[in-house]
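Everything quoted here is computed from the prediction, not taken from an experiment.
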Amino acid sequence: MRPSVIANSRLSLEASEFVRERAPEAFDRFHTAVFRAYFEQDRNIGDIEVLVALAGEEGIDGAALREALTERRHVLAVDERIQWAGERGISSTPFFLFAGDRLYGFPGAQEYPVFESVMQRIGIARHDGAGGTPAP
């Protein structure tokens with residue numbers, strides 16, 4: 001599904017920094033929830049209320065998140081991460097970065113064979129997805 005709104009994802013990045021700091025165990029769940037909200041549910045991830053609702057659904061303190069976003073507490077952390085990416089030539093979203101014997105990365109949505117190729121290069125065996133067993 002192509003989103004009907006092209007959201008400014010800046011607040012979702014700030015929300016992610018809040019979660020990374022306050023509830024690191026929930027970071028992966030929150031990240032997935034934001035991704036699904038935008039790409040599967042056509043929700044505006046640039047809207048504080050959407051982010052607060054997603055946080056609440058993942059057991060994260062929504063009121064504290066709203067306060068942090070309103071006060072823009074995580075602007076510097078986001079700026080630092082954007083600068084880090086820019087210094088490495090990363091300027092698009094999404095961008096996939098893999099660490100192996102060196103960093104491997106590629107921009108944009110890609111077909112599965114691209115991911116599979118990178119995983120092979122860094123020595124990660126293919127899994128069947130069902131039980132974590134390597135595929136033949």
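- P107 approaches S92 most closely through the heavy-atom pair CB-OG, 3.1 Å.
- Residues E57 and L54 form a side-chain contact, since some pair of their non-hydrogen atoms from C-beta on lies under 4.5 Å apart.
- Cluster note: W84 groups with I90, F95, L97, L103 through ILVMFWY side-chain heavy atoms spaced under 4.5 Å, whether in direct contact or through intervening members.
- Evaluation of the side-chain hydrogen bond (donor to acceptor under 3.5 Å, both in side chains) rule for E49 yields R66 as partners, not counting sequence neighbours.
- Listed by chain and residue number, R10, L11, E14, V75 satisfy the side-chain contact (heavy atoms from CB on, under 4.5 Å) test with R72 (two or more places apart in sequence, or in another chain).
- Of the inter-residue distances, the one linking H74 atom NE2 with E21 atom CD reads 4.5 Å to the nearest 0.5 angstrom.
- Under the side-chain hydrogen bond (donor to acceptor under 3.5 Å, both in side chains) criterion, E111 pairs with no residue at all, not counting sequence neighbours.
- You'll find the side chain of F98 reaches within 4.5 Å of the side chain of M119, heavy atoms only.
- Qualifying side-chain contact (heavy atoms from CB on, under 4.5 Å) partners for E71, counting only residues two or more places apart in sequence or in other chains: E67, R73.
- Between F35 and F39, the ring planes lie tilted relative to each other; the angle falls in the 30° to 60° range.
- Minimum interatomic distance between A15 and L69 (heavy atoms only, all atoms of both residues): N-CD2, 3.7 Å.
- Under the rule for a side-chain contact (heavy atoms from CB on, under 4.5 Å), the partners of S9 that lie at least two apart in sequence or sit in another chain are S12, I45.
- Listed by chain and residue number, E58 satisfy the side-chain hydrogen bond (donor to acceptor under 3.5 Å, both in side chains) test with R29 (two or more places apart in sequence, or in another chain).
- Annotation: side-chain hydrogen bond (donor to acceptor under 3.5 Å, both in side chains) contacts of Q110 (sequence neighbours excluded): none.
- Remark: A55 pairs with F30, I60, L65 by the side-chain contact (heavy atoms from CB on, under 4.5 Å) rule, at least two apart or across chains.
- The cationic atom of R102 (NZ for Lys, CZ for Arg) lies less than 6.0 Å from the six-membered ring centre of Y104 and within 45° of the ring axis.
- Across F18 and A68, no two heavy atoms sit closer than the pair CD1-CB, 3.7 Å.
- With sequence neighbours excluded, the residues satisfying ring pair (Phe, Tyr, Trp, His ring centres under 6.0 Å) with F96 are F106, F115.
- Remark: E116 engages R126 in a salt bridge (charged side-chain N to carboxylate O under 4.0 Å, His left out) (not counting sequence neighbours).
- The hydrophobic cluster containing V78 also includes L13, I82, under a criterion of side-chain heavy atoms closer than 4.5 Å among ILVMFWY residues, counted directly or through chains of members.
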